[in-house]
Every structure is written in structure tokens, then in C-alpha cells.
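Below: the structure, in C-alpha cells.
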Number of protein chains: 2
Amino acid sequence: MSDRRIPDATVVRLPSYLQVLVDLADRGVRTVSSDGLAEAAGVGSAQVRKDLSHLGSYGTRGVGYDVTDLLNHVSSVLGLTRERRVVIVGAGNLGRALASYRGFPTRGFQVVALVDRDPAVVGQRVAGTVVASLDDLPALVARERADIAIVATPASAAQEVTDRLVAAGVTAILNFAPQRIDTPRGVTVRKVDLSTELQLLAYYERVSDSEGSEQSRGHEARLA
Amino acid sequence: MSDRRIPDATVVRLPSYLQVLVDLADRGVRTVSSDGLAEAAGVGSAQVRKDLSHLGSYGTRGVGYDVTDLLNHVSSVLGLTRERRVVIVGAGNLGRALASYRGFPTRGFQVVALVDRDPAVVGQRVAGTVVASLDDLPALVARERADIAIVATPASAAQEVTDRLVAAGVTAILNFAPQRIDTPRGVTVRKVDLSTELQLLAYYERVSDSEGSEQSRGHEARLA
DNA sequence: ATGTGTGAACGTATTCACAGCC
DNA sequence: GGCTGTGAATACGTTCACACAT
């Protein structure tokens, strides 16, 4: 390791490493080399070593990394030691789909509420919870101790909903509305915009002959 | 402009610029400065000028950019001159939500088919189309002249579905399955993984006090 | 022997600052 | 005077290559 700050570019790759490590642990593998990790995660092995060095992680020269140790270490760096509680705003098609998404609970994220402004929707049962009213947001966030919010509203409602979420004490927001949202310092926002993704695909499809991109967002981002 | 190749970092910002330009055009604004664009898109003005210079775009010194001209130019660079035809594989909650997503048609993407492996699901009506069988993929892709596919299956099915899509002639894939997929050269893949996004939020929430990130995802991506 | 950890080299992206044009 | 377009400066990220630990 060098210093305390982990580069953003490294942070965005940690979830992929984590996933690979979980798979390896499930299959009973005890040890993995930077080459092994690199191949599974789709990056170079020097990249893996450099990334892990930023976590101060100790592998063993000539051997590799202890899968369980590294898994624990990466989890703890990402702050996944406690379960996170998520509230979803917007009970349209997308909000409902997200509320039912099975990948959440298995990765330590519990959806504690689904909220909508429309009184006709409030009270409906979706995936085990009852849709709550937007007006109850402050009470709900407090009672359920929600950390993270997902905004799955139309663009026109996104900023207002965001302001209300921030007022209610949420400090991390995943924004699915095709709209930039402003937040005060200290509130983290990430954006997922499907149309943008398709536009980028359209671009790279045209240019390709050579090759594509990523990110997922990397540049990346990820879901179903 | 300098040369022909547009940097990836620039390409991923073009959709945001496009969105801002569409809004400005709707509001009847004729002209915009790099400062105006920058503010609305949430980046610096030098960034905007540098990005646009890569497109060879001509603004007017002392005035700014012609909104309509620039809009057309950015659209054409992104390859959005013709409508793109999209097939969605996986008619679970997410696939259905995406099939109903209203942001698609308004941005030039038409969902021409929703496909699933499960015979119990095939034949159901979803958002105006009938769910088709995975086995009909080659015929469907050919008949509908689909360019782009969205993979909204469980992780376990993602690679097989991808292989079939590629065999059927699809050259651009948006992958929502929490699984890395391999494709031959010439096929562009972008990944959107919701759990990853939440994990990154969890990280930045902990670290913050200072500030957050983005991507999308490019590192950023975007959706509802 | 094998595979990590890391400085050094390289490449890419952002920001600065200002000359040049309207 | 105002705002673009761009070289130059800086910051950031990746890849190389090898000394060193096991």
C-alpha cells in the first residue's frame, strides 16, 4: 500500500473483484493469483495487483491471495459489513421491478419501503411491502433507518423528490430518472440512465470494426 | 477539431450535452455558451469546449454555439440519425419494466420484441407486444432488423443468451445480468449492474464528508 | 520457481490561461 | 467585450518490468 486514499478507478473495480471472490469461496477455492482474479474479472493482472496494493492488502509472494481474507478485506473497504436499508421512490414499472429484484437481499441490501406520490397507487401490495405515501417519507426514513434511496420517478419529479429525501436524512441516492439532480455536499449521487447507455451502444456499434467500451461504467453501472 | 478519433471520455458526455440541447431547443433558445452548457450538464466549461472541439464543431467566438446546429451535429456523431430497433431477452420483472419504459421511443429506440425461455411466459402480452420464444430469436432478429439487444436474464443464462444473440447477428448488447459476458470482436457490450451501484454508494457514503463520484458509469449509466 | 508489490515509463484526461476572432 | 479554440501544464490511470519474498 501507499497512502490512505483509494483512487476512484480502483474503487469501481472492487465490486467485480468481490463478486469473483464470492464465487471462488463458494467453490471452496482457498487461494487465487492476480492472474486468476484478472482473468475472471476481465482486466489485466498488473491492474489487479496495483488495485489491491491500494487496499494495503497482503498477498503472499510466490503463492497469491487468500480468498477468504481478501474477500473480507474488500467487503470491509466497501463498507459492506452491515446491511444497508434502501427506500425506493416511484412505484411505476421500474420502481416495482427494483423492489422485486432478488439480487438485492443476497448482496446485503434490504428494500424497506416503496413510496409513491399517486394516492391511487399508495396502499397497493408490491413484493411483500405496501406502497407508502411520499408525504410519509421523513417518518419512514427515520423509523426504518434507511441509508440509501433509489429515485425511480419521471424526470419532472426527480429534483423535488431528491430534496425531500435529503431533508429526510438520506445521504446516498441512486438516480434512475433521466435528469441531473443537485444535492448538498455530503450526499452521494450515482446516475443510471438507460437511454444514455443505448445511445453509447449506438455510437460504438457504428465506430466498431475495432472495439467497444465499458465502464459500467465501468464507466460502468449494473442491474438485473 | 484535431483528428478523427473521439476520446471515450468525451463520448460518454455527449448524451448529457444532447439532453441539454434538446431541452434548450424545446424552450426556443437559439444560442448557448460553453458556460451555459457546462452548468446544465454539470461539468466545467473548458471541458465542454475541449469536448466539442473533438467533434470539429464550430461555435462562434464572442457568441457561443447555435443550439440547433450543435444538436444535429451531436446526434449525428452519436449515430442517432436512424431509429434503432431493440430486442429484450428475459421477461422477468426487469425485462417487462424495460419493455414498458417510455423513455425509449422518445429517444429513438423502439422495442421490437420481448423474448423469454420459459414456455409459461411465452405468449403473454406485455406493453403491446407478445412475449416470443428464445428459439425464435434468429428469425425475429432478422425479420425485425434489430440492432441492439438488452439482456435481462438471470446470471446463469446470460452467456448462453449472449451467444445466441451474437449468432443471430446482434452487434450491440446492454447487459443487466450480474455476470461478465464474453463476445467476439466487433460486438459492443455495456454493463449495468444495480448491486454494484449500491455497493459503490455504500463506499462513498462512508468515505464522504468530502464528496461522491459518477460515472456511469461512466463510470457512468442511466435509466428510468 | 513462482507470483507479489512497486518504481518508472507511458498514455490519457482535465484544467489553465490566453491568443484570436466576432 | 465576450467567448471560442487550443497549446501547455498538470493530474490521473495503466502497463511494464523486475527486485524481492516465500
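A note on names: the letters A, B, ... follow the listed sequences, proteins ahead of strands, and every chain is numbered from 1.
Mapping A:Ala46 and A:Pro7 onto DNA chain D via the closest heavy atom, the residue that lands nearer the 5' end is A:Pro7. Judged by closest nucleotide on DNA chain C, A:Gly64 is the one of A:Lys50 and A:Gly64 placed further toward the 5' end. Where A:Gly62 and A:Arg49 meet DNA chain C, the nucleotide closest to each residue was compared, and A:Gly62 sits on the side nearer the 5' end. Projected onto DNA chain D by closest heavy-atom contact, A:Arg13 and A:Thr60 fall at different nucleotides, the more 5' of which corresponds to A:Arg13.
For A:Tyr58 and D:dT22, the shortest distance from a side-chain N or O to OP1 or OP2 is not below 4.0 Å. Taking only side-chain nitrogens and oxygens, A:Gln47 comes nearer than 4.0 Å to OP1 or OP2 of D:dT15. Phosphate proximity of C:dT4 to A:Ser34: present, with a side-chain N or O under 4.0 Å from OP1 or OP2.
Distance, B:Asp35 CG to C:dC16 P: 13 Å, rounded to whole Å. Spacing between atom CD1 of B:Ile6 and atom P of C:dT12 amounts to 16 Å, rounded to whole angstrom units. For the pair B:Tyr65 OH and D:dG2 P, the computed distance is 18 Å after rounding to whole Å. Put simply, CG on B:Asp8 is 14 Å from C1' on D:dT14, counting in whole angstrom units. As rounded to whole Å, 16 Å separates atom P of C:dC22 from atom CG of B:Asp66. Atom pair A:His54:NE2 and D:dG13:P shows a separation of 8 Å (rounding to whole Å applied).
Applying the salt bridge (charged side-chain N to carboxylate O under 4.0 Å, His left out) rule to A:Asp23 yields no partners; only residues at least two apart in sequence or on another chain are considered.
Across B:Arg84 and A:Glu205, no two heavy atoms sit closer than the pair NH1-OE1, 2.5 Å. Taking all atoms of both residues into account, the shortest heavy-atom contact from A:Phe109 to B:Ser195 is CE1-O, 4.2 Å.
With contacts defined as side-chain heavy-atom distances shorter than 4.5 Å, the pair B:Val77/A:Tyr203 qualifies.
Nucleic acid contact class of B:Gly59 (heavy atoms, under 4.0 Å, all strands): sugar-phosphate only.
Atom CD of A:Glu39 sits in a sparse spot, with 12 or fewer heavy atoms from other residues, nucleotides or ligands closer than 6.0 Å.
Not a single donor-acceptor pair, N or O on each side, falls under 3.5 Å between the base of D:dT22 and the side chain of A:Arg61.
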